[in-house]
Amino acid sequence: MAFVILLGLQLCVTNAMAQTPPQPPRGPQLPPIPIKGDTTHTLSAHFTPATSAKKAPNTRGFIQRWLVLEPVRKDIARNNIFTDNYLRTTFSTDNFSTDFNTVPKNGEAVKVGDQELKWYALDSKTFNFNLYHFTYAINKPKYGMLVWLVTVINCSEEMKNVRLAAGCNSGSMWWLNGEEALLLSGDRDMIADNGTSQRLTLKKGKNIIRGAVINGPGMANFCVRFLDEKGLPVKNFTTGHE
């Protein structure tokens, strides 16, 4: 009798386990990566073409308008190689122009090493500029890449003691009016204001920002804005490409 009772309990437990629905995986889930044969590559999902009209930053001061160069292909197995020295050497070697105040044109082609690459003038639909979405949309490498960026800040008056604040995946470097402003080395996640520059001055009139973002495996992303002396976003300027 004891054997029969034990067998019955075992059957009940087995049935209960069989009826338990599968539990969803814990933790944040990454967005699905499109399959190789996906034909929905389109910039309009995350970006809009930049126009000749001036564009203000968003309500939190983030710059959404950028000239973006097609990615320079790089053989990068891991992101922990992004030391200060590695970034400075790479950005100097794989540079589209040694004139850090040059402003390229939309659709213009340039050569970086043996690679011929094209510029795109785009407005991001979000506060950040997702380079994974950009490179997927134009059918270019999504990993192992270096991407150059340029935008023009138009100020109605001089603004002193501001700081350039940036976040990126994974390493990046930023220049203002031809001078180095900020270097973000190491394997980073894209966090707003992850690094801030020393005090800078935005001139009255045109100011040129150049950036370079490099990434191996994983997402590639960046965001940039200016902060005032109180740490508040600077918003009284417009962006353009002229």
Side-chain angles (χ1 to χ4, degrees), residues 47-69 84 87-88 91-92 95-106 108 110 119-131 147-168 171-185 188 190-214 221-242:
F47 311 98
T48 55
T51 67
S52 58
K54 302 299 182 185
K55 179 177 175 59
N58 79 351
T59 56
R60 294 189 291 162
F62 288 102
I63 300 169
Q64 296 171 289
R65 174 166 291 179
W66 292 91
L67 282 155
V68 189
L69 187 61
D84 288 11
L87 294 181
R88 292 183 190 281
F91 295 153
S92 175
N95 197 347
F96 70 94
S97 173
T98 56
D99 179 2
F100 281 73
N101 284 318
T102 188
V103 180
K105 302 291 185 182
N106 181 38
E108 180 181 348
V110 296
W119 285 96
Y120 288 78
L122 298 170
D123 294 343
S124 175
K125 293 184 178 180
T126 57
F127 80 96
N128 61 311
F129 198 107
N130 192 310
L131 294 169
V147 180
W148 286 99
L149 314 148
V150 176
T151 196
V152 177
I153 301 296
N154 301 286
C155 301
S156 58
E157 59 184 8
E158 183 182 74
M159 288 185 276
K160 293 184 177 180
N161 298 321
V162 302
R163 297 178 189 271
L164 186 151
C168 70
S172 67
M173 194 167 181
W174 305 89
W175 296 262
L176 175 65
N177 295 326
E179 300 294 329
E180 179 184 334
L182 180 63
L183 177 65
L184 297 177
S185 56
R188 296 170 180 260
M190 207 290 295
I191 301 171
D193 308 335
N194 192 227
T196 55
S197 70
Q198 298 294 318
R199 290 183 176 88
L200 304 169
T201 296
L202 288 171
K203 303 180 298 183
K204 179 179 180 179
K206 183 170 73 172
N207 298 267
I208 299 170
I209 301 173
R210 182 190 287 203
V213 175
I214 191 168
N221 218 331
F222 74 91
C223 63
V224 175
R225 63 177 172 175
F226 286 94
L227 303 175
D228 65 17
E229 290 183 281
K230 297 179 180 178
L232 299 175
V234 176
K235 296 185 285 187
N236 55 332
F237 63 82
T238 60
T239 52
H241 295 144
E242 298 295 337

Item to check | N/O donor-acceptor pair under 3.5 Å between K235 side chain and T59 backbone | outcome: yes
Checklist entry - What do you reckon, is CD of E158 surrounded by more than 12 foreign heavy atoms closer than 6.0 Å? => result yes
Next on the checklist: Could you report the tightest heavy-atom contact between P49 and D123, atom names first, then the distance?
Outcome noted: O-OD2, 4.4 Å
Next on the checklist: How long is the straight-line distance from CG of N161 back to OG1 of T201, given to the nearest 0.5 Å?
Outcome noted: 6.5 Å
Item to check | Interatomic distance, C168 atom SG to I191 atom CD1 [nearest 0.5 angstrom] | outcome: 10.0 Å
Next on the checklist: How long is the straight-line distance from OG of S185 back to CD1 of I214, given to the nearest 0.5 Å?
Outcome noted: 12.0 Å
Checklist entry - Run the side-chain contact (heavy atoms from CB on, under 4.5 Å) check on W66 and T239 step by step: do they pass? => result CA-CA 9 Å; W66 292 91; T239 52; over 6 Å; no
Next on the checklist: side-chain contact (heavy atoms from CB on, under 4.5 Å) for K160 and E229? Distances and angles first, verdict last.
Outcome noted: CA-CA 9 Å; K160 293 184 177 180; E229 290 183 281; over 6 Å; no
Checklist entry - Checking side-chain contact (heavy atoms from CB on, under 4.5 Å) for the pair R225/D193: CA distance, chi angles, key distance, verdict? => result CA-CA 8 Å; R225 63 177 172 175; D193 308 335; 2.5 Å; yes
Checklist outcome for this item: Nearest heavy-atom approach of N130 to N221 is CA-OD1, 3.4 Å
Item to check | R163 side-chain N/O to G231 backbone N/O, donor-acceptor pair under 3.5 Å | outcome: no
Checklist entry - Does a side-chain heavy-atom distance below 4.5 Å link R65 with T51? => result yes
Next on the checklist: Within the structure provided, determine whether L176 and I153 are in side-chain contact (heavy-atom separation under 4.5 Å).
Outcome noted: no
Next on the checklist: Is the shortest side-chain heavy-atom distance between I209 and F226 below 4.5 Å?
Outcome noted: yes
Next on the checklist: Could you check whether atom NZ of K204 has more than 12 heavy atoms from other residues, nucleotides or ligands sitting under 6.0 Å from it?
Outcome noted: no
Item to check | Heavy-atom closest contact (S197 atom, A181 atom, distance) | outcome: CB-O, 3.2 Å
Next on the checklist: Could you measure the distance from the OG atom of S52 to the CG atom of N106? Nearest 0.5 Å is fine.
Outcome noted: 11.5 Å
Item to check | W119 and F96, any side-chain heavy atoms less than 4.5 Å apart | outcome: yes
Checklist entry - Taking all non-hydrogen atoms of both residues, which atom of S172 and which atom of V213 are closest, and how far apart? => result CB-CG2, 3.9 Å
Checklist entry - Quick one: does P57's side chain get under 4.5 Å of F62's, heavy atoms only? => result no
Checklist outcome for this item: Exactly one of W148, F100, F222 clears ring pair (Phe, Tyr, Trp, His ring centres under 6.0 Å) with W174, and that residue is F222
Next on the checklist: With side-chain contact (heavy atoms from CB on, under 4.5 Å) as the criterion, how do L131 and M190 come out once you've worked through the C-alpha distance, each side chain's angles and the decisive distance to 0.1 Å?
Outcome noted: CA-CA 11 Å; L131 294 169; M190 207 290 295; over 6 Å; no
Item to check | Spacing of K203 atom NZ and I208 atom CD1 [to the nearest 0.5 Å] | outcome: 7.5 Å
Checklist entry - Looking only at heavy atoms, which two atoms of G171 and L87 are closest? And how far apart? => result CA-CD1, 4.5 Å
Checklist entry - Between A166 and L184, what is the shortest heavy-atom contact and its length? => result O-CD1, 3.7 Å
Checklist entry - In Å and rounded to the nearest 0.5 Å, what is the CZ to CE distance from F237 to M159? => result 7.0 Å
Item to check | Side chains of S97 and R210 in contact at under 4.5 Å (non-hydrogen atoms) | outcome: yes
